There are 2 protein chains.
Amino acid sequence: METVGRLAGVSQVTVSRALSDPSKVSPATLAKIQEAIAQTGFVPNALAGALASSKSMLISALVPSITNIVYSSMVKAFSEEMRGAGYQILLSETGFGPEDEEKLIAAHLSRRPDAMFLTGIHHSAQARRMLLGAEIPVAEVWDITDSPIDFCVGFNHAETGRAAAEYARRKGYPQAGVVSAGDERARRRSEAFAREWERIGGAPVAKMLFDAQASLANGRAGLRGLLAQGFTGGVVHCSSDLLAHGVLIEARAQGLDVPGQIAVIGFGDQDFAATVEPGITTVRVDMAAFGRAAAQAMLARLQGAGDGPSVIDLGFEIVERQSA
Amino acid sequence: METVGRLAGVSQVTVSRALSDPSKVSPATLAKIQEAIAQTGFVPNALAGALASSKSMLISALVPSITNIVYSSMVKAFSEEMRGAGYQILLSETGFGPEDEEKLIAAHLSRRPDAMFLTGIHHSAQARRMLLGAEIPVAEVWDITDSPIDFCVGFNHAETGRAAAEYARRKGYPQAGVVSAGDERARRRSEAFAREWERIGGAPVAKMLFDAQASLANGRAGLRGLLAQGFTGGVVHCSSDLLAHGVLIEARAQGLDVPGQIAVIGFGDQDFAATVEPGITTVRVDMAAFGRAAAQAMLARLQGAGDGPSVIDLGFEIVERQSA
DNA sequence: CTGTTAGCGCATTCAT
DNA sequence: ATGAATGCGCTAACAG
């Protein structure tokens, strides 16, 4: 800025002003400064700016996996919204489980983000302490709790399982099975389905619980596993649409009619759920909406507009298609 | 650090040393400092550190879309590798097209990243100038060119199309069609397929070129479009496995035999390509490998180990399955 | 092994 | 509308 200023015949402060609030500088000098910037190829140093102003315009975001469309579409919506307000996103993957998350949170906080986006509501005590100590807005997204660190945006996972169980019972399927991916929230949905199914009179539920992430291959293996357990037909509750699609493929490969012999309920309402044949009956949750809602609540806090609600439940809805 | 130092009975510098290189501090004071840190909940300010040392330990990464598994898996592999060396990733979406990319590059450079990860080889002149001016390692990934800004890691997109055409001709399919997504590289693959197919004696190629991203729905619409154009059967080259899967679904919905009436070639060898039925014949490119290779080359430059090769061609391979 | 002295490049007072 | 002075919290020499 010093150099640019000299070239424009003004001081460093004036250059700073021209950049942060052009209206505070006379049009004539503004023009000279802009020319000097163009000539020198000057790029302001945001590190120094952040240090001086203690506003980094940086938002930290931590998700379990960026290759998982559920999280990446949340982050996408979130960052588009935040970018509109001038913020950039420092994104990291935590994997599933709070161990490494703690180190990551520390690393992120050292960059003095203006706010933080976290996935889920389970964080180590130390992590909570650090977050509280940072005194910045913290969003916990994709799940809800009564005691968020700051605020949470999500829905009740167990409730989706119960709703699916009730739906399936109403349809009169003779048996039920679940196929579930390894993450904690997926398990909670599946467990809730099974428990509710049995509670309202269903026969004991066959289970295929994977440790790995959801994939088509696991969906196929899941149905094979259920059949091997003596599951002879009925409804299969899957912790994600991807698994549901895999079950569909395996059912067809085995010559089983869907939904006549095997009915399938997915989760997520990904775009392909409506496109495959038969269409997948599923639980719709609007991933992008979580990202947007988190961003809006965060921006409100960043702009000091009171604290707003601390629990934002966006709910879900069962979408009936042909698979169940 | 001042506060921590007072608590530990040492000066601020000693605290700095204890953090950056514990071996430069006596075990006794180190212990005292660590205790003081624990008591105060001190989190070092990486902004100040970066400003003072001109090493931000930050890597900028720009991808067209984070919800696209192709890019997100590249970034995933890249960031895992870079994180191992202590770097964090500042990630942004550029969308497709170099317009907004320029602004994003400027925004990223203002944070003084130690290096930059770019997708593709097409960047505005102004962007190139800024990047060159920043004097940092720049990786251009997922495509290759003879004149990278710094270095590139990718493969020849047109060549994949030509290889697919040759494969398809050898198989003797009577006609060919292409279904292509909107991005420039997808187009290049599709165009190369069509041109080569016709060059080596194939009949004129029917085309369905979408402006949008690939999706199952577009794959289905693509096959419908080809059939409407008078395509009566033969091979369909798709710019991605997702489109290929959509074509497969539509073919089945229309009662067309695969590969008897409709043969399908995809691109990418995503995990589902081997799982669906019939398995998708496709062009395998190892997304994670691009990320890793980019990271390794970047780390070498960051550690000043000469400049290394500036064009890293990781190639591709055709994977034959049942669909073609 | 530890402390002192200078900046890093800006934003933020307070002047003028 | 502009400038001078000060400090954000740290690292990098240089002493001792």
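Lettering follows sequence order; numbering is per chain, from 1. Everything numeric here is computed off the predicted structure, so don't read it as measured data.
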Exercise. 5' to 3' on DNA chain C, which nucleotides open and close the contacts with chain B (atom under 4.0 Å from a heavy atom)?
Worked result: C/dC1 to C/dG9
For this session: Applying salt bridge (charged side-chain N to carboxylate O under 4.0 Å, His left out), name anything that partners A/R188, two or more places apart in sequence or on another chain.
Result: A/D143, A/E184
Problem set entry | Contact residues, residues 104-116 of chain A to DNA chain D [heavy atom, < 4.0 Å] | none
Exercise. Does the side chain of A/I121 reach to within under 4.5 Å of the side chain of A/I144, using non-hydrogen atoms?
Worked result: no
Problem set entry | Contact nearer the 5' end of DNA chain C, comparing B/S53 with B/V13 | B/V13
For this session: Kindly state each residue pair satisfying salt bridge (charged side-chain N to carboxylate O under 4.0 Å, His left out) with at least one member in residues 109-135 of chain A, sequence neighbours excluded.
Result: none
Seminar exercise, completed: Which of A/V63, A/I69, A/N68 passes side chain to side chain contact (heavy atoms under 4.5 Å, CB included) with A/I66? It is A/V63
Problem set entry | Pairing residues for B/F290 by the ring-ring contact (aromatic ring centres under 6.0 Å, His included) criterion, not counting sequence neighbours | B/W142, B/F155
For this session: Only counting residues at least two apart or in another chain, list the ones meeting salt bridge (charged side-chain N to carboxylate O under 4.0 Å, His left out) with B/E93.
Result: A/K76
Exercise. Who pairs with B/S53 by side-chain contact (heavy atoms from CB on, under 4.5 Å), at least two apart in sequence or on another chain?
Worked result: B/K55
Exercise. Which pairs, with at least one residue in residues 2-17 of chain B and sequence neighbours excluded, count as a salt bridge (charged side-chain N to carboxylate O under 4.0 Å, His left out)?
Worked result: none
For this session: Kindly write out the residues that satisfy salt bridge (charged side-chain N to carboxylate O under 4.0 Å, His left out) with B/K32, not counting sequence neighbours, or none if the list is empty.
Result: none
Problem set entry | A/M116 side chain reached by A/H108 side chain, heavy atoms, under 4.5 Å | yes
Exercise. Any chance the side chains of A/H122 and A/E101 put a donor and an acceptor closer than 3.5 Å?
Worked result: no
Exercise. For DNA chain D, which residues in residues 19-47 of chain B have a heavy atom at a distance below 4.0 Å?
Worked result: B/F42, B/P44, B/N45
Problem set entry | Expected output: side-chain A/S124 to main-chain A/A127 donor-acceptor under 3.5 Å | yes
Exercise. Side-chain contact, heavy-atom cut-off 4.5 Å: A/T119 with A/R185?
Worked result: yes
Problem set entry | A/E140 and A/H123 side chains, donor-acceptor separation under 3.5 Å | yes
Seminar exercise, completed: Per-helix bend value, the helix from C/dC1-D/dG16 to C/dT16-D/dA1, C1' rotation axes over five pairs per end, 10° rounding, shows 30°
Exercise. Base, sugar-phosphate, or nothing: which does B/T14 touch, judged by heavy atoms less than 4.0 Å apart?
Worked result: sugar-phosphate
Problem set entry | Side-chain touch A/F117/A/V141, heavy atoms, less than 4.5 angstrom | yes
Exercise. Can you pull the contact range of chain B along DNA chain D, 5' to 3', using atoms under 4.0 angstrom from its heavy atoms?
Worked result: D/dG9 to D/dA13
Problem set entry | Sugar-phosphate, base or nothing in reach of A/E2, heavy atoms under 4.0 Å | nothing
